[in-house]
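Inspection log for the structure reproduced underneath, given as structure tokens.
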Amino acid sequence: MTAYKAYETMLWANHCLIKAGGPQKLTEAQKRQITSTLLAARSTPEQVRKFQAGVRRFQSSEGGRLYPELFLPPYNRGKKLKTIFNQTPKTQIFSANMYELEVIRLLCLLAPEEGEVPALRDSVLDRLRTTCFGSQDDGVGECFDTSLVVLRFLCTAAPENERWIQSRMENYLRHKDEKKRPWFSQWYYWLCLSEAPLSVAEEELRRNLPPMLHWLNDRSFVMHSEHDCTVHPTLACMLRNAAARCPEYEYIQERQPYIREKDGRLHFNMEPVSP
């Protein structure tokens, strides 16, 4: 139950932070509540031993530590945990790593020096160095998607390691067109560009800016279902956050998407500020 509460908190915090444009909009009380909820969900050594025994046959023949060792996903009869964009993974490689990395990423963002957080960060970085999706050329199956989760994690947990971040960006670019992929991967990559150190990501951000601006300027989002109402405002704000990193679009960084009464769809106002 504690782990599932942490999962729900992780989703909520991600949507809240993306829509707000960063952690500066959270109160100190909110940060403490999120941090305490996530830390309380750390798995016990016995839970980890049982989990590792169950997935041992899926471990890499090269000895890579492919599965979480700190925050195990809540057990739910084999169901995979959905991502922050409501994507349903097909494998536990993707789902379980997404959960652990997103939890520790939030801890690094909100309480980087608190208690055991630095040790958790270092431990998961050590694990990721052993994995195909974390440090190697890998576009196979959902290891491709998991590599993007690693990329986002590194942008917060190890922003100084530009070479590692660059390697995960290159992994995405190398494999993205190998087959038809669902929309999630491109939008998750855009999310990473909205958060990555500009020293690494600025060229890629500029290259991807035209399609992002096309969505903000010329497109809109339906708001029919619960999925739409949860995910689409987050996507629009992610695009805003990315564009606002460019000086010529800084003026939009405080703006929020809105529902136009005429069509009931979610729009974004890109009109420049009047002089």
Side-chain angles (χ1 to χ4, degrees), residues 3 6-7 10 38 41-75 78-84 87-108 116-176 178-179 181 184-185 188-189 192 196 200:
Y7 168 64
M10 180 272 289
L38 298 181
R42 181 171 178 186
S43 302
T44 66
E46 180 60 24
Q47 289 171 326
V48 173
R49 280 194 293 271
K50 288 182 179 180
F51 179 81
Q52 293 291 355
V55 299
R56 189 168 294 141
R57 65 192 179 95
F58 298 110
Q59 294 283 29
S60 160
S61 58
E62 292 79 21
R65 293 150 61 195
L66 302 183
Y67 290 92
E69 299 171 354
L70 301 169
F71 291 87
L72 303 179
Y75 176 72
K79 289 184 66 175
K80 312 300 187 297
L81 298 180
K82 292 186 177 183
T83 70
I84 63 172
Q87 176 184 7
T88 302
K90 297 177 182 178
T91 64
Q92 284 292 2
I93 284 280
F94 182 19
S95 179
N97 277 284
M98 178 276 302
Y99 171 70
E100 178 172 86
L101 294 183
E102 290 288 3
V103 165
I104 301 178
R105 176 189 168 274
L106 284 172
L107 291 173
C108 290
E116 61 185 326
V117 173
L120 296 174
R121 167 192 175 274
D122 292 345
S123 178
V124 79
L125 287 172
D126 287 343
R127 179 176 75 82
L128 292 175
R129 291 187 180 96
T130 76
T131 65
C132 50
F133 52 77
S135 62
Q136 299 172 21
D137 178 13
D138 192 349
V140 178
E142 287 196 324
C143 283
F144 174 79
D145 302 89
T146 310
S147 181
L148 284 173
V149 177
V150 174
L151 170 58
R152 189 183 189 215
F153 176 77
L154 294 174
C155 291
T156 295
E160 72 287 349
N161 199 325
E162 295 184 357
R163 181 176 296 182
W164 196 353
I165 293 171
Q166 185 69 44
S167 78
R168 294 307 86 201
M169 291 172 60
E170 291 172 352
N171 190 74
Y172 168 80
L173 295 171
R174 192 160 44 242
H175 297 290
K176 69 182 180 68
E178 289 179 345
K179 64 177 184 178
R181 300 187 185 274
F184 302 104
S185 60
Y188 205 92
Y189 183 64
C192 293
V200 181

So, Asn97 side chain and Ile93 main chain: donor-acceptor pair closer than 3.5 Å or not?
yes
Within-4.5 Å side-chain heavy-atom neighbours: Gln136 and Asn171
no
dist Leu70:CG -> Tyr99:OH (nearest 0.5 Å) comes out at 11.0 Å
Residues passing the side-chain contact (heavy atoms from CB on, under 4.5 Å) test with Lys90, sequence neighbours excluded, are Glu142
When every non-hydrogen atom of Ala157 is compared with those of Pro159, the smallest separation belongs to C-CD, 3.5 Å
To the nearest 0.5 Å, what is the distance between CD (Glu116) and CZ (Arg121)?
15.0 Å
d(Leu120 CG, Leu38 CG) to nearest 0.5 Å is 11.0 Å
So do the side chains of Ser147 and Asp138 get within less than 4.5 Å of each other, counting heavy atoms only?
no
Which value, rounded to the nearest 0.5 Å, describes the distance between Thr156 atom OG1 and Leu101 atom CG?
11.0 Å
For Arg65, is there any backbone N or O sitting under 3.5 Å from a side-chain donor or acceptor partner on Thr130?
yes
Heavy-atom closest pair, residues Ala3 and Ala41
CA-CB, 4.0 Å
Residues Gln87, Lys82; criterion side chain to side chain contact (heavy atoms under 4.5 Å, CB included); working and verdict:
CA-CA 5 Å; Gln87 176 184 7; Lys82 292 186 177 183; over 6 Å; no
Quick one: CE on Met10 to CG on Leu107, what's the gap to the nearest 0.5 Å?
11.5 Å
Within the structure provided, determine whether Arg168 and Ile165 are in side-chain contact (heavy-atom separation under 4.5 Å).
no
Give a yes or no on whether the backbone of Phe133 and the side-chain of Thr146 come within a donor-acceptor separation of less than 3.5 Å.
no
Side-chain heavy-atom pair Arg105, Arg152 within 4.5 angstrom cut-off:
yes
Please assess Phe184 against Leu148 for the test side chain to side chain contact (heavy atoms under 4.5 Å, CB included), listing each intermediate value before the final yes or no.
CA-CA 11 Å; Phe184 302 104; Leu148 284 173; over 6 Å; no
Output all residues satisfying salt bridge (charged side-chain N to carboxylate O under 4.0 Å, His left out) with Glu162, sequence neighbours left out; order by chain, then residue number.
none
Heavy atoms only: give me the nearest Cys155-Cys192 pair and the separation to one decimal.
SG-O, 4.4 Å
Check for a donor-acceptor pair, side chain of Gln47 on one end and backbone N or O of Thr44 on the other, with a separation under 3.5 Å.
yes
Is there a side-chain contact between Cys143 and Thr91 (heavy atoms, below 4.5 Å)?
no
Any heavy-atom pair between the side chains of Ile104 and Cys108 that's under 4.5 Å?
yes
Sidechain-backbone polar pair: Glu100 side chain, Phe71 backbone, donor-acceptor under 3.5 Å:
yes
N/O donor-acceptor pair under 3.5 Å between Ser43 side chain and Leu72 backbone:
yes
For the residue pair Tyr7 and Leu81, establish whether any side-chain heavy-atom pair is separated by less than 4.5 Å.
yes
Smallest heavy-atom separation, Ala96 atom then Pro68 atom, equals O-CG, 3.3 Å
Is the shortest side-chain heavy-atom distance between Pro89 and Asp145 below 4.5 Å?
no
Could you tell me if Arg129 and Ser135 have a donor-acceptor pair between their side chains, going purely by distance under 3.5 Å?
no
Any ring-ring contact (aromatic ring centres under 6.0 Å, His included) pairs touching residues 137-175, not counting sequence neighbours?
Phe144-Tyr172, Tyr172-Tyr189
Quick one: pull up NZ in Lys80 and CE in Met98 and give me the separation to the nearest 0.5 Å.
11.5 Å
